[in-house]
Peer 1: 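Attaching a single structure in structure tokens format; questions to follow.
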Protein chains: 2
Amino acid sequence: MSQIEEIADVLKLLGDKNRLTIVALLNEKELCVCEIVDILHTSQPNISQHMRKLKDGGLVKEAKRGQWVYYSLTVQDKPYIAEILKQLPSQKVKINQLVCEENECCS
Amino acid sequence: MSQIEEIADVLKLLGDKNRLTIVALLNEKELCVCEIVDILHTSQPNISQHMRKLKDGGLVKEAKRGQWVYYSLTVQDKPYIAEILKQLPSQKVKINQLVCEENECCS
DNA sequence: TGATTATATAATTATTTACTTATTAATAAA
DNA sequence: TTTATTAATAAGTAAATAATTATATAATCA
């Protein structure tokens, strides 16, 4: 695959509102699937499938701990993604809301 | 539309091999439709439709001169696109090949 | 004027995509 | 061991997308 094609595929991954929001969230801290489901208000299988695409595209990695799977960004090798992340609004509020509902998920 | 949604839409535009190549080409110099058709080896309507999407997304502008329509980039307001352009391989060779076949198109 | 060239638009098709629902697997807790 | 909880997978569906083919518009030129 050509270099342009590879970059186009990465941008296609980020060209989806839900996936771009997930990446913005993970830019604040690693999160487990159920936390992302909570924040994005969509179904667990939907998020699970988005995470697989992001993983296949090399943008995130997973770490299983207990019954939870935590995802984190692996975009250090792609400087243009850092620039995109700078443009995205802070997700701190959403992350903090999670902490306030600790008994709901992943606590 | 949210800020994340707007950026996702731009990235979706760039997340197509043909459109990303067009943007890389226009980063070298403005081009008319028939030149882009020549370089990308696809049909004129196909390119025309990609150009409309890029225009609707605010990434290019058009300038009609004679029977030709020249397109150029309008991405000054989006710094993250500059960073993406830096990662793309140079299109100078393709542009120069165009010049060598001057009697074919847009000459 | 009529022919040619450049581009856009319309309609169609095939493929891809995001999402839902249902099910499975794995871990943990009662 | 039964019951929850977390996450992944499979199957199905509806919508979006890229490309093709055919046609229309507009400018230039003989």
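The sequence lines fix the lettering, A, B, ..., with proteins before strands; numbering per chain opens at 1.
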Peer 1: D/dA18 C1' sits how many Å from A/Asp9 CG, rounded?
Peer 2: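 The distance from CG of A/Asp9 to C1' of D/dA18 comes to 15 Å, rounded to the nearest Å.
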Peer 1: Which ones in residues 16-26 of chain B lie close to DNA chain C, meaning a heavy atom under 4.0 Å from one of its atoms?
Peer 2: none
Peer 1: In Å, rounded to the nearest 0.5 Å, how long is the span from CD of B/Glu35 to CG of B/Leu40?
Peer 2: 12.0 Å
Peer 1: Would you give the length of the straight line joining atom CD1 of A/Ile47 to atom NE2 of A/His41, rounded to the nearest 0.5 angstrom?
Peer 2: 11.0 Å
Peer 1: At under 4.0 Å, does any side-chain N or O of B/Lys12 touch on OP1 or OP2 of C/dT17?
Peer 2: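 For C/dT17, neither OP1 nor OP2 has a side-chain N or O of B/Lys12 closer than 4.0 Å.
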Peer 1: Output the distance between atom CD (B/Glu83) and atom NZ (A/Lys78), rounded to the nearest 0.5 Å.
Peer 2: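 Between B/Glu83 CD and A/Lys78 NZ, I get 14.5 Å after rounding to 0.5 Å.
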Peer 1: Which distance, rounded to the nearest 0.5 Å, do you find between the CD of B/Glu6 and the NZ of A/Lys17?
Peer 2: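 Here the rounded value is 11.5 Å.
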Peer 1: Tell me: CG of B/Leu40 to P of D/dT20, nearest whole Å?
Peer 2: 12 Å
Peer 1: Is there side-chain contact between A/Leu11 and A/Ile84, with at least one heavy-atom pair below 4.5 Å?
Peer 2: yes
Peer 1: Five pairs at each end of the helix from C/dT1-D/dA30 to C/dA30-D/dT1: take the axis at both ends and give me the angle between them to 10°.
Peer 2: 10°
Peer 1: Which nucleotide wins on minimum distance to the side chain of A/Val33, given the candidates C/dT7, C/dA18, D/dA7?
Peer 2: D/dA7
Peer 1: Roughly how far, to the nearest 0.5 Å, is CD1 of A/Ile81 from CG of A/Leu14?
Peer 2: 5.0 Å
Peer 1: Is the closest side-chain heavy-atom distance between B/Thr21 and B/Ile36 below 4.5 Å?
Peer 2: no
Peer 1: With side chains defined as the heavy atoms from C-beta onward, is the minimum distance between A/Ser90 and A/Glu28 less than 4.5 Å?
Peer 2: yes
Peer 1: Is A/Glu30 reaching over with its side chain to a backbone N or O of A/Ala63, donor-acceptor style, under 3.5 angstrom?
Peer 2: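 Here the side-chain-to-backbone pair does not exist.
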Peer 1: Please list, by residue number, the residues of residues 54-61 of chain B whose heavy atoms come closer than 4.0 Å to an atom of DNA chain D; answer none if no residue qualifies.
Peer 2: none
Peer 1: Measure the distance from CG on B/Asp38 to C1' on C/dT7 and round it to the nearest whole Å.
Peer 2: 14 Å
Peer 1: Suppose the criterion is salt bridge (charged side-chain N to carboxylate O under 4.0 Å, His left out): which pairs have a residue in residues 39-58 of chain B, not counting sequence neighbours?
Peer 2: B/Lys55-B/Glu62
Peer 1: To the nearest Å, give me how far apart CE (B/Met51) and P (C/dA6) are.
Peer 2: 17 Å
Peer 1: Which residues within residues 41-49 of chain B lie with some heavy atom under 4.0 Å of an atom in DNA chain C?
Peer 2: B/Gln44, B/Pro45, B/Ser48, B/Gln49
Peer 1: Got a list of protein N/O to nucleotides 24-30 of chain D N/O distances below 3.5 Å?
Peer 2:
none

Peer 1: Which value, rounded to the nearest 0.5 Å, describes the distance between B/Leu20 atom CG and B/Leu88 atom CG?
Peer 2: 5.0 Å
Peer 1: With heavy-atom distances below 4.5 Å as the criterion, would you say the side chains of B/Ile22 and B/Val60 are in contact?
Peer 2: no
Peer 1: So do the side chains of A/Ile4 and B/Pro89 get within less than 4.5 Å of each other, counting heavy atoms only?
Peer 2: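 Yes, close enough: below the 4.5 Å cut-off.
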Peer 1: When you check the phosphate oxygens OP1 and OP2 of D/dT6, does a side-chain N or O of A/Tyr71 lie under 4.0 Å from one of them?
Peer 2: no
Peer 1: Can you tell if the side chain of A/Leu31 reaches within under 4.5 Å of the side chain of A/Tyr70, non-hydrogen atoms only?
Peer 2: no
Peer 1: Check this one for me: any side-chain N or O of A/His50 less than 4.0 Å away from OP1 or OP2 of C/dC19?
Peer 2: yes
Peer 1: Taking atom P of C/dA18 as reference, at what distance in whole Å does atom CD of B/Glu5 sit?
Peer 2: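 Rounded to the whole Å, the gap is 14 Å.
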Peer 1: Going by atom types only, do A/Gln91 and A/Lys94 share a side-chain donor-acceptor pair under 3.5 Å?
Peer 2: yes
Peer 1: Between A/Thr42 (side chain only) and A/Val37 (backbone N and O only), is there a donor and an acceptor less than 3.5 Å apart?
Peer 2: no
